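One structure is given here, and the rest of the page talks about it.
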Amino acid sequence: MSRLMHVSSGPYAPPAPARELTAISADGAPLHVEVHGPDNAPPVVLAHGWTCSTAFWAAQIRELAKDHRVIAYDQRGHGRSPASRACGTEALADDLEAVLKETLAPAERAVIVGHSMGGMTVLAAAARPVFREHAAAVLLCSTGSSRLVAEATVVPMRAGRLRTWLTKQILGSRAPLGPVTPLARRILKYATMGPGSAPHMVEACARIVHACPRRVRHAWSQVLDLLDLDHGIRELTVPTAVVVGTADRLTPPVHARSLAAALPTCVGLTELPGLGHMTPVEAPELVSTRIRELVVAYAQIKEGA
């Protein structure tokens with residue numbers, strides 16, 4: 001499990017959940033789940049990305065929990081969910097299914113939001129019966145389905161085998177990240193955030209990412225290196241919106257554009273000028289607004305239902 005190092009004050013301090021529970025995945029892996037907001041409100045499910053945790057969604061939880069039931073969970077090995085030997089896209093899909101079954105009533109439908117690896121989780125689960133039973137609509141933030149290392153622009157050089165190799169070495173490094181120092185903040189900002197990101201945004205993200213155990217970080221980097229979920233795009237038939245920052249070095253806009261072109265029911269592609277990979281932190285109001293729009297259009301609870 002991660003060390004809990006998130007910020008404790010300001011807009012990115014995680015709110016206290018209304019309740020916490022444990023969902024058990026198909027292989028027995030326990031998953032930490034938090035539920036925020038009123039029990040009878042429209043549900044929203046949040047799946048975070050690689051090296052993050054439920055703390056990543058603090059701004060969305062604080063805003064949406066006023067009138068939504070917000071369900072956030074830690075991916076296995078992240079946050080308060082223990083690491084597991086199983087590490088792959090099938091495990092990600094199993095975990096999301098377990099959370100949906102544990103937190104939603106039969107046939108209850110939610111807006112499901114995935115950032116980065118969380119979006120890949122959605123693609124991995126798209127054909128699963130449990131996902132189709134419970135997904136009303138989807139928001140994919142800063143994600144891709146394949147060729148992640150080849151398309152990443154973390155290394156500032158022309159695309160090709162050398163850049164791909166160098167990127168793989170960097171993202172797959174086993175080195176500990178260490179404490180959150182000024183240099184560490186600069187490196188994280190360069191790799192994952194837009195140049196205009198405010199210091200408090202960088203601090204919040206750095207603490208979350210540095211809390212991820214290096215073994216977990218390395219293990220999932222290998223999964224992302226070999227990722228091929230292109231088939232999952234065709235299976236994601238519910239209304240799906242896509243958000244990406246134009247300065248995203250980890251999943252550049254080419255991924256979002258490919259998703260938008262291939263999704264059976266794409267309901268909008270939003271490209272955010274100058275923003276990086278951490279869109280829910282860098283553009284919290286916009287991401288929350290997109291979620292609200294999807295709830296109103298596709299998942300609003302009708303009176304008398």
Side-chain angles (χ1 to χ4, degrees), residues 12 47-52 56 78 114-121 123 139-175 177-178 180-212 214 217-218 220-229 242-260 269-284 286-287:
Y12 298 110
H48 69 74
W50 178 48
T51 74
C52 293
F56 183 79
H78 297 71
H115 170 258
S116 192
M117 193 173 80
M120 299 159 203
T121 301
L123 294 175
L139 176 62
L140 298 175
C141 297
S142 312
T143 194
S145 59
S146 64
R147 292 182 53 80
L148 299 182
V149 175
E151 297 288 359
T153 59
V154 172
V155 177
M157 61 187 297
R158 188 166 55 186
R161 284 184 294 179
L162 178 57
R163 189 183 77 175
T164 298
W165 182 85
L166 290 170
T167 302
K168 182 176 179 178
Q169 304 313 304
I170 293 169
L171 299 183
S173 171
R174 296 177 184 267
L177 294 182
V180 178
T181 63
L183 176 60
R185 293 187 197 96
R186 287 197 295 273
I187 292 171
L188 179 128
K189 181 179 179 180
Y190 167 80
T192 71
M193 306 183 79
S197 298
H200 70 290
M201 296 178 178
V202 178
E203 180 70 22
C205 287
R207 290 205 187 189
I208 293 168
V209 170
H210 279 240
C212 183
R214 62 175 173 172
R217 189 181 80 241
H218 173 75
W220 284 104
S221 75
Q222 303 309 294
V223 175
L224 300 181
D225 175 34
L226 301 174
L227 189 80
D228 185 355
L229 289 171
V242 182
V243 170
V244 68
T246 62
D248 188 338
R249 299 180 190 274
L250 291 177
T251 53
V254 62
H255 293 292
R257 293 165 191 160
S258 295
L259 287 169
L269 167 61
T270 303
E271 298 191 25
L272 303 172
L275 269 62
H277 186 66
M278 303 301 208
T279 44
V281 172
E282 296 178 75
L286 183 140
V287 171

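Please read these numbers as outputs of a predicted model, since none were measured by experiment.
The side-chain contact (heavy atoms from CB on, under 4.5 Å) test applied to Ser146 returns Asp228, Asp230, not counting sequence neighbours. The side-chain contact (heavy atoms from CB on, under 4.5 Å) check on Ala152 picks up Thr167, with sequence neighbours excluded. Applying the side-chain contact (heavy atoms from CB on, under 4.5 Å) criterion to Leu162, with sequence neighbours excluded, gives Met157, Leu166. Residues satisfying the side-chain hydrogen bond (donor to acceptor under 3.5 Å, both in side chains) criterion with Thr270, sequence neighbours excluded, are Arg290. In this view, Glu151 and Arg147, Val254, His255 satisfy the side-chain contact (heavy atoms from CB on, under 4.5 Å) rule, not counting sequence neighbours. With sequence neighbours excluded, no residue satisfies side-chain hydrogen bond (donor to acceptor under 3.5 Å, both in side chains) with Arg214. His218 is linked by a ring-ring contact (aromatic ring centres under 6.0 Å, His included) to nothing, counting only residues two or more places apart in sequence or in another chain. Qualifying side-chain hydrogen bond (donor to acceptor under 3.5 Å, both in side chains) partners for His48, counting only residues two or more places apart in sequence or in other chains: none. For Ser258, there are no side-chain hydrogen bond (donor to acceptor under 3.5 Å, both in side chains) partners, not counting sequence neighbours.
Formation of a donor-acceptor pair under 3.5 Å by the Tyr12 side chain with backbone atoms of His200 is not found in this model. A side-chain donor-acceptor contact under 3.5 Å links Ser197 to the backbone of Gly194. Proximity of a side-chain donor or acceptor of Thr164 to a complementary backbone N or O of Gly160 within less than 3.5 Å is detected.
The shortest side-chain heavy-atom distance between Met120 and Leu224 falls under the 4.5 Å cut-off. Side-chain contact between Leu139 and Val287 is present, with at least one heavy-atom pair separated by less than 4.5 Å. Counting heavy atoms from C-beta on, the side chains of Leu259 and Val244 never come closer than 4.5 Å.
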- Task: Start with the C-alpha gap between Met278 and Ile208, add the side-chain angles, then the distance that decides, and say whether side-chain contact (heavy atoms from CB on, under 4.5 Å) holds.
- Result: CA-CA 12 Å; Met278 303 301 208; Ile208 293 168; over 6 Å; no
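Here the CG atom belonging to Asp248 is positioned 11.0 Å from the SG atom belonging to Cys141, to the nearest 0.5 angstrom. If you take CG on Leu171 and CH2 on Trp50, they are separated by 5.0 Å, rounding to the nearest 0.5 Å. Atom OG1 of Thr51 is separated from atom CZ of Arg217 by 8.0 Å, given to the nearest 0.5 angstrom.
Shortest non-hydrogen contact noted between Arg185 and Val180 is NH2-O, 3.6 Å. Across every non-hydrogen atom of Ala283 and Leu275, the tightest pair is CB-CD2, 3.5 Å. Closest approach of His277 to Ser116, counting heavy atoms only: NE2-OG, 2.9 Å. Minimum interatomic distance between Leu250 and Ala191 (heavy atoms only, all atoms of both residues): CG-O, 3.8 Å. Across every non-hydrogen atom of Thr192 and Glu282, the tightest pair is O-OE2, 3.8 Å. A pairwise comparison of heavy atoms in Leu188 and Cys205 identifies CD2-CB, 3.9 Å as the closest pair.
For the 3.5 Å distance criterion, the side chains of Thr279 and His115 fail to qualify, holding no donor opposite an acceptor.
For residues 155-174, the pairs satisfying salt bridge (Lys or Arg N to Asp or Glu O under 4.0 Å) are Lys168-Asp225, with sequence neighbours left out.
Of the candidates Thr121, Thr143, Leu123, Leu123 is the only one forming a side chain to side chain contact (heavy atoms under 4.5 Å, CB included) with Leu229.
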